[in-house]
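Throughout, a chain's letter reflects where its sequence line sits, starting with A, and its residues are numbered from 1.
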Protein chains: 2
Amino acid sequence: MARTPRNTLSSELIVRTALELMESRGADAFSLRGVAAELGVGPMALYTYFRNKDELYDAVRDHLMGLLPAVPGDAAWPDQVRAVCRSLRLLMLQHPCLAQLLAGRPLSGHETARVAEGLLGVLRAAGFDAETAARTHTTLFTYVLGSTSWEIQMAAERRDPEAWRRLRATMESLSARDFPSVVELAPELARTTGGDEQFDYGLDLLLAGLQLRTPS
Amino acid sequence: MARTPRNTLSSELIVRTALELMESRGADAFSLRGVAAELGVGPMALYTYFRNKDELYDAVRDHLMGLLPAVPGDAAWPDQVRAVCRSLRLLMLQHPCLAQLLAGRPLSGHETARVAEGLLGVLRAAGFDAETAARTHTTLFTYVLGSTSWEIQMAAERRDPEAWRRLRATMESLSARDFPSVVELAPELARTTGGDEQFDYGLDLLLAGLQLRTPS
DNA sequence: ACCTGAACACCGTTCAAGT
DNA sequence: ACCTGAACACCGTTCAAGT
């Protein structure tokens with residue numbers, strides 16, 4: 001790697017490089033030393049811009065959250081809620097490391113507040129009281145987080161031949177006596193580990209439940 | 001640490017020790033070398049029982065999932081579903097490392113199949129068709145995973161004074177013009193980051209939506 | 001089979017120093 | 001302020017060897 005001249009580093013450049021490495025080599029293989037090597041500087045050069053590895057993680061997460069599109073203003077509130085949830089899921093699918101960044105690190109940046117603001121604004125405008133809006137926001141956010149993380153996890157597993165082989169082997173070793181439903185529904189279970197349809201199914205259940213409590 | 005004599009090691013002992021260390025020192029600080037030191041053996045002794053670190057992770061996860069209580073047989077199906085979801089959440093709260101073990105590693109053991117079996121059995125008995133049962137299972141499972149992981153995350157943050165200070169600082173720095181809803185609902189948001197009530201709120205939304213599709 | 005000990009190729013981070 | 005270089009205290013894992 002070519003040695004970079006002085007004063008060409010910046011937090012933005014480091015964040016961009018970190019993100020690239022997380023996406024090409026996987027979030028688990030990510031390291032500060034790897035970023036430094038990619039930038040052609042010593043590992044300690046990064047400490048001028050970030051106090052430690054966690055701060056860099058937070059910066060990458062906030063950078064990604066900044067890519068979230070705004071809430072569509074011209075729609076009924078259930079469609080607005082759907083749009084916010086779908087765009088968060090889409091962002092996570094496009095940047096799989098985001099799942100780990102959201103689940104593994106406490107929130108601290110303004111950018112996570114933007115999702116909250118979008119969702120809360122829609123719910124308040126729909127007439128829900130403060131407590132219900134807050135509860136609904138947390139429910140929707142954690143649903144998107146959980147279901148999309150799972151989806152990414154399962155997709156990664158399908159790509160890893162060894163893991164996939166093991167999963168198949170375990171499924172086939174389950175006795176139909178002890179696990180009648182799992183054995184019977186194996187094909188359906190395999191089909192519902194992810195995808196737009198599965199995501200929307202759960203989201204629609206939540207929205208249907210929510211619409212029963214509509215204030216107006 | 002006293003040197004352990006030969007043939008006193010076993011996979012069960014290693015799993016138990018690993019679990020203790022994850023719970024006392026935190027799942028992030030967990031290491032194979034730490035387990036070996038605690039057992040008074042060299043790091044390589046563990047490789048007789050587990051091919052690598054991930055296999056030990058899986059064994060710990062399956063051990064924990066084995067602690068799940070059976071589904072109560074004498075209840076209406078929505079109550080049965082509630083019971084399964086609540087007991088999975090409770091297990092995760094009692095063993096916070098389980099959240100990371102479930103999210104971070106592919107499933108492979110029989111023990112994860114037990115949760116699926118319980119839930120699927122209930123849903124099939126209630127009259128749902130194969131596809132709906134599978135979709136509902138995935139939705140419920142990912143909701144429990146996502147909401148409880150988030151709850152654990154937030155609780156950990158509250159205990160860490162530095163992280164807590166930073167979160168407060170960010171919340172207060174949000175302008176009421178750009179983030180009107182977040183600023184207005186800050187107290188409500190703080191109250192809905194976890195707890196039985198918040199969990200049941202989301203679960204009830206899902207169940208309400210589901211009951212609209214009840215077959216009978 | 002069960003376990004040791006040395007070694008390899010990594011980590012994040014501290015500390016003192018240079019420009 | 002910005003960055004280097006050596007060092008510290010760790011990792012997981014391989015490999016050859018001992019019992």
Taking the minimum atom-to-atom distance to the side chain of [X], which one of [options] wins?
| X | options | value |
| --- | --- | --- |
| B/Ala45 | D/dT13, C/dT13, C/dT4 | C/dT4 |
| B/Leu9 | D/dT4, D/dG12, C/dC3 | C/dC3 |
| B/Arg33 | C/dC3, C/dG12, D/dT13 | D/dT13 |

Which pair of heavy atoms, one from [X] and one from [Y], lies closest together, and at what distance?
| X | Y | value |
| --- | --- | --- |
| B/Ile152 | B/Met92 | CD1-O, 3.5 Å |
| B/Cys97 | B/Leu19 | SG-CD1, 4.0 Å |
| B/Cys85 | B/Val144 | CB-CG2, 3.8 Å |
| B/Gln80 | B/Gly73 | NE2-O, 3.6 Å |

Between A/Tyr143 and A/Phe199, ring centroids under 6.0 Å: yes
Atom pair distance, as rounded to whole Å: [atom1] in [X] and [atom2] in [N]:
| X | N | atom1 | atom2 | answer |
| --- | --- | --- | --- | --- |
| B/Ile14 | C/dC2 | CD1 | P | 11 Å |
| B/Leu39 | C/dC3 | CG | P | 10 Å |
| A/Lys53 | D/dC11 | NZ | C1' | 12 Å |
| A/Asp28 | D/dT13 | CG | P | 13 Å |
| B/Leu13 | C/dC2 | CG | P | 14 Å |
| B/Phe50 | C/dC2 | CZ | P | 13 Å |

Pairing annotation in dot-bracket form, given for DNA chain C with Watson-Crick or G-U pairs under 3.5 Å and | for cross-strand partners: ||.|||||...|||||.||
Sugar-phosphate only, base, or nothing, as touched by B/Tyr49 at under 4.0 Å among non-hydrogen atoms: sugar-phosphate
Flag, side chain of B/Arg158 to backbone of B/Trp164, donor-acceptor distance under 3.5 Å: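 Pair absent, no side-chain N/O of B/Arg158 close to backbone of B/Trp164.
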Whichever of A/Met44 and B/Met44 has its nearest DNA chain D nucleotide further upstream toward 5': A/Met44
Residue pair B/Glu117, A/Ser181: steps toward the side chain to side chain donor-acceptor pair (under 3.5 Å) verdict: CA-CA 6 Å; B/Glu117 183 60 37; A/Ser181 307; 3.1 Å; yes
Any B/Thr48 side-chain N or O less than 4.0 Å from OP1/OP2 of C/dA1: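 No, B/Thr48 has no side-chain N/O under 4.0 Å of OP1/OP2 on C/dA1.
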Below 4.0 Å: OP1/OP2 of D/dT14 and any side-chain N or O of B/Tyr47: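 So the side-chain polar atoms of B/Tyr47 never come under 4.0 Å of the phosphate oxygens OP1 or OP2 of D/dT14.
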Position toward the 5' end of DNA chain C (nearest nucleotide), A/Arg51 or A/Ala29: A/Ala29
